[in-house]
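Each residue takes its place number in the sequence, starting with 1. From a predicted model like this one, the values you see are computed outputs, not experimental measurements. Both ligands and their constituent atoms are indexed starting at 1 by order of listing.
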Amino acid sequence: MMMDTVMQGLKAPPKVSGEKPQVGHMEEFGVNFARFLMRCNAECGELAEFNMGGQPTILMSGPEAQEAFFKTLDTRLSRAAAYQATVPVFGKGVIFDAPEDRMKTQLKIQVDALRYQNMKSYAAIIAKEVEDWIAEWGEEGELDFLDEFIQLTLHTACHCLLGPDFRYKMTDEFKSLYHDLEKGLQAIAFVDPYMQQPVFEARDKARVRLQELISAIIAERRANGERKYGDALETFMSGTYKDGSYLDDNEITGLVIATMFAGHHTSSGTATWTLIELARQKEYANEVLEELQALFSDGRELSLEALREIPRLERFIEEVLRIHPPLVLLMRRVLEDIDYKGSLLAKGKTVAVSTYGSHRNPAFFPDPERFDPHRQKPDTLWAFIPFGGGPHKCAGNAFALMQLKSIFAALLPRYEFELVDPPESYQDDLSAMVLKPGSPSRLRYKKR
Ligand code: HEM
């Protein structure tokens with residue numbers, strides 16, 4: 001389904017009930033936005049308009065509408081305009097604040113850093129980080145795995161992005177700066193990221209200081225000349241615009257932050273949910289374990305090659321991503337009036353897609369709340385969309401899957417895992433912009 005430029009006599013999309021003066025649907029949205037979006041779809045169908053603190057927003061549901069959302073060009077449905085909240089975090093002139101052609105180059109350089117040629121070195125880094133992490137575990141114990149995976153994936157992200165020197169000198173200062181940047185990207189920032197708010201002041205200070213830290217590494221590397229690093233910073237430093245000029249320190253810092261933000265909590269939340277589901281779904285977990293034991297029975301190392309095909313584990317992770325998609329809400333801003341099947345998507349409105357709602361559509365996923373890695377794949381590309389789709393599909397898709405496979409291929413053959421709390425008490429926390437399991441997410445482990 002393509003979207004046509006506007007003609008006369010188009011219908012306005014139906015409006016969602018329960019709008020309140022001034023705040024619109026913000027309160028209901030803020031409590032549990034994935035559920036709110038499912039209500040919008042149930043009440044209004046394929047298109048449902050709600051009010052996000054004054055910003056009219058149209059939820060597009062179902063494979064046909066989602067395909068149109070993902071395939072429509074940036075010049076008509078703009079990500080930049082929808083994600084302005086990221087500008088003070090990524091930096092002025094970076095990605096969504098850069099002019100179109102510079103943004104394209106920056107995104108291309110970012111994608112280059114996540115391409116196959118770097119994946120071999122990333123796989124080795126991740127395998128080492130996982131080994132170092134479990135080295136202290138002993139025979140048995142109990143951990144909050146959400147905390148653990150947040151730490152682990154911060155270490156792997158920093159190591160792959162900025163290299164071992166930075167990773168092993170990682171200070172509490174860095175962690176606290178990163179935390180301040182994260183807090184600057186809460187729901188309210190999507191209404192106005194420049195409001196007078198202590199969290200936004202802290203965000204701006206953190207951005208300045210982080211650039212000083214990254215500039216120091218850049219300067220050191222420039223002084224070292226030809227040395228090779230095999231990390232993302234090397235790709236960011238060597239990429240050029242059309243005129244041959246290099247990215248400056250602000251832009252490089254912005255790409256580092258943007259890549260960390262895209263990959264960190266999406267990965268830690270998925271890793272935690274995978275472990276919880278492995279402990280909760282014993283039958284399927286045993287199938288995965290048998291697969292891993294057979295694969296690594298000859299004592300081979302966890303190389304990129306070994307990680308390439310692990311079908312049962314992959315299907316298991318896909319089912320985790322179906323039920324618990326980390327990025328629940330994807331957004332674009334309408335830049336020119338659009339005709340979508342006789343309905344008007346008016347210039348200035350936001351359009352949105354909910355992965356969470358799409359993955360619970362019973363027409364494609366019968367009995368959608370049931371965890372079943374054997375379920376049939378839908379016959380359309382546009383119903384299962386944890387990584388988005390079209391030209392802006394997740395650039396870190398391969399990295400994310402490689403990391404998850406690396407973690408579980410190392411953990412499962414060596415340890416058994418059990419939930420500490422009642423199985424039904426492990427629930428999605430839907431109050432933050434990236435979905436994650438509620439905290440704490442405690443599990444016991446025991447050596448096999
Ligand atoms: C399970 C883990 C992950 C999930 C579910 C996920 C999901 C997504 C989704 C849905 C999008 C599209 C957003 C939109 O259309 O508005 C996206 C974009 C992106 N992701 Fe991921 N992501 C994951 C991990 C990662 C990792 C590990 C990285 C980097 C190391 C990464 C880097 C990116 C980048 C750079 C984009 C923007 C691509 C572009 O603008 O062209 N992601 N991701």
Checklist entry - With ring centroids as reference points, do Phe50 and Phe36 lie under 6.0 angstrom apart? => result yes
Checklist outcome for this item: Counting heavy atoms under 4.0 Å, the part of Thr355 that contacts ligand 1 is neither
Checklist entry - When only distance counts, is His392 in polar contact with ligand 1, meaning an N/O pair under 3.5 Å? => result yes
Checklist entry - Relative to atom 43 (N) of ligand 1, which among Ala232, Ala400, Cys394 owns the nearest non-hydrogen atom? => result Cys394
Item to check | Beyond-backbone contact of Tyr246 with Phe236, side-chain heavy atoms, under 4.5 angstrom | outcome: no
Checklist entry - Counting only heavy atoms not in Lys242, do more than 12 fall under 6.0 Å of its NZ? => result no
Item to check | Close side-chain approach of Ile214 and Val256, heavy atoms under 4.5 Å | outcome: yes
Item to check | Closest protein heavy atom (residue, atom, distance) for atom 4 (C) of ligand 1 | outcome: Phe387 CE2, 3.5 Å
Checklist outcome for this item: Under 4.0 Å from one or more heavy atoms of Leu107, ligand 1 contributes atoms 40 (O)
Checklist entry - Contact between Arg332 and ligand 1, counting heavy atoms under 4.0 Å? => result yes
Checklist entry - To which of Ala398, Pro386, Gly396, Gly388 does the heavy atom nearest atom 7 (C) of ligand 1 belong? => result Pro386
Next on the checklist: As an exercise, identify every atom of ligand 1 less than 4.0 angstrom from a heavy atom of Pro326.
Outcome noted: 5 (C)
Next on the checklist: Would Arg312 and Phe316 count as a cation-pi pair here, with the cationic atom under 6.0 angstrom from the ring centre and within 45° of the axis?
Outcome noted: no
Next on the checklist: Using a plain distance cutoff, I'd like to know if Thr259 has any nitrogen or oxygen under 3.5 Å from a nitrogen or oxygen of ligand 1.
Outcome noted: no
Checklist entry - Can the ring centroids of Phe166 and Tyr229 be said to lie less than 6.0 angstrom from one another? => result no
Item to check | Option set Lys104, Lys393, Arg79, criterion heavy-atom distance to atom 39 (C) of ligand 1, minimum | outcome: Arg79
Next on the checklist: Under 6.0 Å between ring centres: does that hold for Phe70 and His392?
Outcome noted: no
Item to check | Proximity to ligand 1 by part of Phe399, non-hydrogen separation under 4.0 Å | outcome: side chain
Item to check | Aromatic ring proximity, centroids under 6.0 angstrom, Tyr168 and His159 | outcome: yes
Next on the checklist: Regarding ligand 1, does Gln110 bring an N or O atom to under 3.5 Å of one of the ligand's N or O atoms?
Outcome noted: no
